Amino acid sequence: MKKIIETREHLINENVGEKANILIVDDESKNVKLLKTLCESLGHDIKVAVNGKEAVEIALSSQPDLILMDVMMPVMDGFEATEKLKDNELTCKIPVIMVTALDSRKDRLKGISKGADDFLTKPIDLEEVSLRIKNNLNIKKYHDLLNDYNKILEDKVAERTEELSKKTRDLEQVLYAGSHDLKAPLVNAHGYSGELGISVNEIVSYLQSDEVPDSIRKKVASMAESIPGSIRFVQENILKMDLLLNGLMNISRLGRAEIREEEVDMNSLISDVIDTYGFRIREAGARMDVSDLLPCIGDPSQLSLVFANLIGNAINYLDSERRGEIKISGYQKDNRSGYCVEDNGIGIMPEHQEKIFEIFYRLEPHRLSGEGLGLTITRNILERMHGKIWVESEAGKGSRFFVSMPYIK
Ligand code: ADP
């Protein structure tokens, strides 16, 4: 930004002074000669075209800094040539000064509508020509400078985005490797603590035998009493850690998984997901109601994960005080397919409604064996498929989880 301001001041203070390439377009040699002499005296390089068609060709091949364009010319007039230049992205930024007849309001208006940047009137006033050339070259330089800066900024943003995605990939790799490596010791701990439990049971049954003196039996029995409970506690915690590690591995896998984009039949996808929950729905005595759903664009296996999480939660967080009702409905809005998973469960207080999407955030840590990762994974998956998720809920009444996905074009 500092450089832009400095350059702007430089342009204003110094005016142009530098050599520019100017294209003079006129079929009258008298006018060409006059403008050429003036431009050369200002230190610029000159090219000449004798009609609009030639002007467009020269502009495309040599990219002048400025064009002085006469209006009335054979083959192609100045209006048409200006329009062509402004319509082409290679030449649209070159300032075109139109040379019109004095007081020809109609020509000026037409010139503006074709994209002319400035006007000069005939008969030509040399001082005016020189000032207008300088001004338009300044503006062009200013534009070029802004373009350069835009380009630099775009490159920087692209570079940073690449750096960030590389770091994210590295982090996902570390997360995966870490979780994966922790699993082996955990499996050992689970195995050995199980064996410890078996050995303790054997010791306890051995203690019942007559061979063991009473005094020892009493002493060891009181020590052995608490051991099975402790081992159970260790094993429960190992299982919890295992669930957590699985969740973390899933999160790290997500970032690396290829996402397919295809038309997904949501009616059959949801019906498959509900089938997998058949037992739990019956066990909970819940009523399930599914409306007709619109298709969407996404990855079917990832969408199955999303709805398995949402339907699983809807069952998990039903209220034992009333019969559970779970509804799945669809809607269409702003070219997107929407789905809603609604339950009449325990609901969520407003202050937790955004936080439940954060990693490890749980409101009911003692209620069930979840890890607080389901909704984090769900939101991540949806974002990768250009989808969105949000919740509306009332504590004590129930929740509605909305999913919005790109619709079939
Ligand atoms: P988990 O269910 O494994 O704990 P989630 O990320 O799926 O993890 O959910 C985070 C928390 O959001 C849950 O612990 C629960 O407190 C709350 N929650 C999610 N879905 C519902 C729901 N349908 N009704 C009430 N609370 C919910």
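Along the sequence shown, residues are numbered consecutively beginning with 1. Atoms considered below: every heavy atom in the structure, side chains included; atoms not considered: hydrogens, waters and symmetry mates. All of these numbers come straight from a predicted model, not from anything done at the bench. Read the numbers this way: they start at 1 and go in the same order the structure lists the ligands and their atoms.
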Report yes if some N/O of Phe401 lies less than 3.5 Å from some N/O of ligand 1; otherwise report no.
no
Tyr317, any N or O under 3.5 Å of ligand 1 N or O:
yes
So is Phe357 close enough to ligand 1, meaning a heavy atom under 4.0 angstrom away?
no
Do NZ/NE/NH1/NH2 and the carboxylate oxygens of Glu162 and Arg169 come within less than 4.0 Å?
yes
SB check Lys114 Asp77 (cutoff 4.0 Å):
no
Would you say Asp343 and ligand 1 have an N/O pair spaced under 3.5 Å apart?
yes
Could Asp144 and Lys141 be called an ion pair, given the rule that one side-chain N must be under 4.0 Å from one carboxylate O?
no
Cation-pi geometry met for Arg336 and Tyr407 (6.0 Å, 45°)
no
When only distance counts, is Ile348 in polar contact with ligand 1, meaning an N/O pair under 3.5 Å?
no
If we ignore hydrogens and angles and just use 3.5 Å, is the side chain of Asp107 paired with the main-chain N or O of Thr100 as donor and acceptor?
no
Nearest heavy atom to atom 1 (P) of ligand 1 wins, so pick from Ser399, Ser393, Gly372, Gly247.
Gly372
Ligand 1 contacted by Leu373 (non-hydrogen, < 4.0 Å):
yes
Check: Leu363 N/O within less than 3.5 Å of ligand 1 N/O:
yes
Could you tell me which atoms of ligand 1, counted from 1 in the order shown, lie closer than 4.0 angstrom to a heavy atom of Tyr361?
10 (C), 11 (C)
What are the atoms of ligand 1, with element, lying closer than 4.0 Å to any heavy atom of Gly374?
5 (P), 6 (O), 7 (O), 8 (O)
Ion pair present between Asp289 and Lys327, side-chain N to carboxylate O less than 4.0 angstrom?
no
Indicate yes or no: does Lys53 engage Glu57 in a salt bridge with an N to O separation below 4.0 Å.
yes
Hey, does the side chain of Ser337 reach the backbone of Met405 with a donor-acceptor pair shorter than 3.5 angstrom?
no
Using a 3.5 Å cut-off on N or O atoms only, is Asn316 in polar contact with ligand 1?
no
